[in-house]
K.L.:
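Submitted below is the structure of interest, expressed as structure tokens.
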There are 2 protein chains.
Amino acid sequence: MLISTRGEYGLRAMMMLAAEYSGGPLPLRVIAEKEHLSAQYLEHLFRDLRNNGLVESFRGAKGGYKLAKSPEEITVGNVLWALEGTLAPMECVAGEKEVQCRHTDGCPTKFVWEKLKAAMDEVLDTTTLADILTQATEE
Amino acid sequence: MLISTRGEYGLRAMMMLAAEYSGGPLPLRVIAEKEHLSAQYLEHLFRDLRNNGLVESFRGAKGGYKLAKSPEEITVGNVLWALEGTLAPMECVAGEKEVQCRHTDGCPTKFVWEKLKAAMDEVLDTTTLADILTQATEE
DNA sequence: CCATAACCTAGTCTTTTACTCGGGATTATT
DNA sequence: AATAATCCCGAGTAAAAGACTAGGTTATGG
């Protein structure tokens, strides 16, 4: 499985923020209640979202989180990358550090992983939170 | 990461069998030596490959494994599905058992996972071992 | 008969995932 | 000024998955 609960919970939480984009900040407590999960766990996810410039935080009473950019400007890939760290099918095509893999002497399968990653990136990089929003309201 | 070492090792091993398709059976010992990994671990993988009808086994001296079908007839998806069990980005689109997920009451993100899975399946189901073979020799 | 191989079950070690705990800092409201 | 709501942060833990190893049995060619 490519996506863990971090990406699953995190993306759904981001959708809530997207729906409230014009309103005030949304506290984690509210998100946690609606999603039936612990606010403390969400805190960890939002730390990463914030460090990646995807949300803005407001402390104190009446505080909470808001999207740092408009839903049109945030892709699914942005969110998942922040939460999952990497999104490649295989380490050897994850980018980051040029990898290692004993089979540098012509690994026949690498091009499959590259094709796979390209196909995944196409979806992740072109789908925005706004797209999800319109898709959800259409149904 | 979507693919574990099972899929990684297994697909490379299948490529060796594909290269020797017209010859006699290849023992795991040989594959293990070339790939620098343990024959015992490979045995586990080949049990799954065999149970999924992808390889044929020959016991005893001069035994080993052969592809059960031609390289044109075996897709990367076939191999990985046999070894990884499932290849979906998320459990809710894995197929198998119609899942569960508390958020049945209109989960906005599900269509993203469906798009992602479709993009992945496109690559996995259309790329055959023969394709990899020609790609590898071209370079 | 013997060497070579597939077959099989169980067990172990490591890493990752999915959290919880317990505090501290900041801010709006009263 | 006090209080409650909220974000912030590091550590720790329990369960699951991943990556193997160990030690045997069975079949087959020479």
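It should be emphasised that the depicted structure is a prediction, and the values quoted were computed from it without experimental measurement.
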K.L.:
So does B:Glu8 pair up with B:Arg12, basic N to acidic O under 4.0 Å?
P.N.:
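So B:Glu8 pairs with B:Arg12 through a salt bridge.
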
K.L.:
Can you classify the ring geometry of B:Tyr9 versus B:Tyr41 as parallel (below 30°), tilted (30 to 60°) or perpendicular (above 60°)?
P.N.:
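Geometry flag for B:Tyr41 against B:Tyr9: perpendicular rings.
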
K.L.:
I need the CD-C1' distance between B:Glu91 and C:dT17, as an integer number of Å.
P.N.:
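It is 14 Å, rounded to the nearest whole Å.
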
K.L.:
Between P on D:dT21 and CG on B:Leu45, what's the gap in Å once rounded to a whole number?
P.N.:
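To the nearest whole Å, that distance equals 12 Å.
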
K.L.:
For each nucleotide in nucleotides 7-20 of chain D, reading 5' to 3', give B when a protein heavy atom comes within less than 4.0 Å of its base, S when such contact involves only the sugar-phosphate, and - otherwise.
P.N.:
BBBBB-------SB

K.L.:
Could you tell me which residues satisfy side-chain hydrogen bond (donor to acceptor under 3.5 Å, both in side chains) with B:Glu33, sequence neighbours excluded, listed by chain and number?
P.N.:
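If we apply the side-chain hydrogen bond (donor to acceptor under 3.5 Å, both in side chains) test to B:Glu33, skipping adjacent residues, there are no hits.
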
K.L.:
Could you pull out the closest heavy-atom pair between A:Lys117 and A:Pro89, with the gap in Å?
P.N.:
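Of all heavy-atom pairs spanning A:Lys117 and A:Pro89, the closest is CB-CD, 3.8 Å.
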
K.L.:
CD of A:Glu35 versus C1' of C:dC19: gap in Å, rounded?
P.N.:
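Rounded to the whole Å, the gap is 17 Å.
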
K.L.:
Rounded to the nearest angstrom, tell me the gap between atom CD in A:Glu56 and atom C1' in C:dT27.
P.N.:
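Rounded to the whole Å, the gap is 16 Å.
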
K.L.:
Evaluate A:Tyr65 against A:Phe58 for ring-ring contact (aromatic ring centres under 6.0 Å, His included), listing each step before the verdict.
P.N.:
CA-CA 6 Å; A:Tyr65 290 92; A:Phe58 300 89; 8.6 Å; no

K.L.:
Assess the side chains of A:Ser70 and A:Glu73: does a donor N or O sit below 3.5 Å from an acceptor N or O?
P.N.:
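Result is yes, a qualifying pair exists.
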
K.L.:
Provide, to the nearest angstrom, the distance between the CG atom belonging to A:Leu42 and the C1' atom belonging to C:dT20.
P.N.:
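Value for this atom pair: 14 Å.
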
